[in-house]
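Note sheet for the following structure.
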Amino acid sequence: MEDKEEDVRLGANKFPERQPIGTAAQSQDEGGKDYTEPPPAPLFEPGELTSWSFYRAGIAEFMATFLFLYITVLTVMGVVSAPTKCQSVGIQGIAWAFGGMIFALVYCTAGISGGHINPAVTFGLFLARKLSLTRALFYMVMQCLGAICGAGVVKGFMGNRRYELLGGGANSVNHGYTKGDGLGAEIVGTFVLVYTVFSATDAKRSARDSHVPILAPLPIGFAVFLVHLATIPITGTGINPARSLGAAIIFNRQSAWNDHWIFWVGPFIGAALAALYHQVVIRAIPFKNK
């Protein structure tokens, strides 16, 4: 009887949460968590240049971006060439192609290079000191080269005349929208993507909410899908400077270059804002006690 009375008196408090969630988890002392804040990456790391893993990661970024452009631009070509949207996969199909490829490629390359596949993602992670400047620049170069090759293969399949007639999958601000509209869409779209990358790959979150399993490529790919649904009517959706550059170089018409700066400036601003928001507001790293 005494034991039963004790159960009634304590109620749910008799067995407190072993793994608190939400604000309860955030209020715990750092020492009580299975997590240690990793040191920031050095700005320059010359030793990387003599490591095979450094070049292997760059090759992985090249191949991933090559495959990304090949599948996605080919999908865009199929939709544009169809007499009506009903006879093709439509905008939804294009969005699924971009989001699905990011899901698959991030899953394949995350353990080798981190699965960036996007200079804006690399830039955001660099600002958060997740990788060195040396590695960031190398990744961006390899991503752009991969994108150019991927778009080039699509042009080879389609033929010069047909490829140019269909627009080459190049990004531009669509009729009815201003350059400011396009820039804003690229900033917000890239913010959504890079913020999702930070959240899905946050080691602190994994340690704190280990009871909530998460496959990082899934939310990242889904974010790309949703952003494409929203912004294809505005800019065709860039949010990836390498994707925009590869298509523009292979298409190489004035219409592809008129607004091209938007697809670099917008994503880089969006990535910087996402890095700032995650590191300063969400993680409050500058305010932590040394």
Side-chain angles (χ1 to χ4, degrees), residues 55-83 85 87-110 112-122 137-172 193 217 220-221 224-225 227-228 231-232 235-260 263-264 267:
Y55 296 100
R56 181 183 63 182
I59 294 171
E61 288 292 311
F62 172 89
M63 284 301 301
T65 316
F66 167 82
L67 295 173
F68 177 63
L69 264 288
Y70 169 72
I71 294 295
T72 56
V73 173
L74 204 54
T75 302
V76 172
M77 295 285 96
V79 172
V80 175
S81 63
K85 292 291 188 295
Q87 294 180 330
S88 69
V89 295
I91 289 178
Q92 293 87 348
I94 294 174
W96 273 121
F98 278 88
M101 280 303 290
I102 288 297
F103 169 74
L105 294 170
V106 171
Y107 181 84
C108 292
T109 60
I112 302 171
S113 65
H116 297 189
I117 321 171
N118 185 336
V121 171
T122 300
L137 292 176
F138 182 51
Y139 277 14
M140 291 181 190
V141 170
M142 297 301 282
Q143 289 158 0
C144 290
L145 291 176
I148 294 168
C149 292
V153 170
V154 173
K155 184 175 182 178
F157 284 167
M158 303 292 291
N160 290 346
R161 187 172 179 278
R162 192 178 181 198
Y163 184 83
E164 293 172 2
L165 184 65
L166 297 176
N171 290 118
S172 62
L193 169 60
I220 295 171
V224 171
F225 165 71
V227 171
H228 275 75
T231 59
I232 282 176
T235 62
T237 309
I239 69 171
N240 184 334
R243 173 261 187 272
S244 300
L245 179 67
I249 286 179
I250 299 301
F251 183 53
N252 198 28
R253 290 292 180 271
Q254 189 60 40
S255 59
W257 296 112
N258 287 335
D259 305 321
H260 187 69
F263 302 99
W264 283 87

How many angstroms lie between atom [atom1] of [X] and atom [atom2] of [Y], to the nearest 0.5 angstrom?
| X | Y | atom1 | atom2 | answer |
| --- | --- | --- | --- | --- |
| Met101 | Cys108 | CE | SG | 8.5 Å |
| His228 | Thr235 | NE2 | OG1 | 8.5 Å |
| Leu137 | Met142 | CG | CE | 13.5 Å |
| Leu105 | Met63 | CG | CE | 9.5 Å |
| Thr109 | Arg56 | OG1 | CZ | 12.0 Å |
| Ile148 | Thr65 | CD1 | OG1 | 11.0 Å |

Task: Short side-chain to backbone donor-acceptor contact, Ser244 and Pro241, under 3.5 Å - done: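 Looks like no, no N/O pair under 3.5 Å.
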Open item on the list: Looking at Thr237 and Ile232, would you say the former's side chain and the latter's main chain have a donor-acceptor pair under 3.5 Å?
Closed with: yes
Check: [Y] and [X] side chains under 4.5 Å, non-hydrogen atoms:
| X | Y | value |
| --- | --- | --- |
| Pro119 | Asn240 | yes |
| Leu74 | Met158 | yes |
| Glu164 | Phe251 | yes |
| Asn171 | Arg243 | yes |
| Asn118 | Leu193 | yes |
| Ile102 | Phe98 | no |
| Val154 | Leu69 | no |

Nearest non-hydrogen partners of [X] and [Y], listed with the distance:
| X | Y | value |
| --- | --- | --- |
| Ile249 | Asn252 | O-CB, 3.3 Å |
| Leu245 | Cys144 | CD2-SG, 3.8 Å |
| Ala97 | Thr75 | CB-OG1, 3.7 Å |
| Ala151 | Ile250 | CB-CG1, 3.7 Å |
| Phe225 | Gln92 | CE1-O, 4.1 Å |
| Ala57 | Ser113 | O-CB, 3.4 Å |

Open item on the list: Assess the residue pair Asn160 and Lys155 against the criterion (side chain to side chain contact (heavy atoms under 4.5 Å, CB included)); give the C-alpha distance rounded to whole Å, side-chain angles, the decisive distance to 0.1 Å, and a yes or no.
Closed with: CA-CA 6 Å; Asn160 290 346; Lys155 184 175 182 178; 3.0 Å; yes
Open item on the list: Thr122 vs His116, test: side-chain hydrogen bond (donor to acceptor under 3.5 Å, both in side chains). Steps then yes/no.
Closed with: CA-CA 6 Å; Thr122 300; His116 297 189; 2.9 Å; yes
TODO: Would you please classify the geometry between the Tyr70 ring and the Phe66 ring as parallel, tilted or perpendicular, with 30° and 60° separating the classes?
DONE: parallel
Open item on the list: Which residue in the set Val80, Val73, Val76 passes side-chain contact (heavy atoms from CB on, under 4.5 Å) when paired with Leu166?
Closed with: Val80
TODO: Check whether more than 12 heavy atoms from other residues, nucleotides or ligands sit under 6.0 Å from atom OH of Tyr55, and answer yes or no.
DONE: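 Buried by this count: over 12 neighbours within 6.0 Å.
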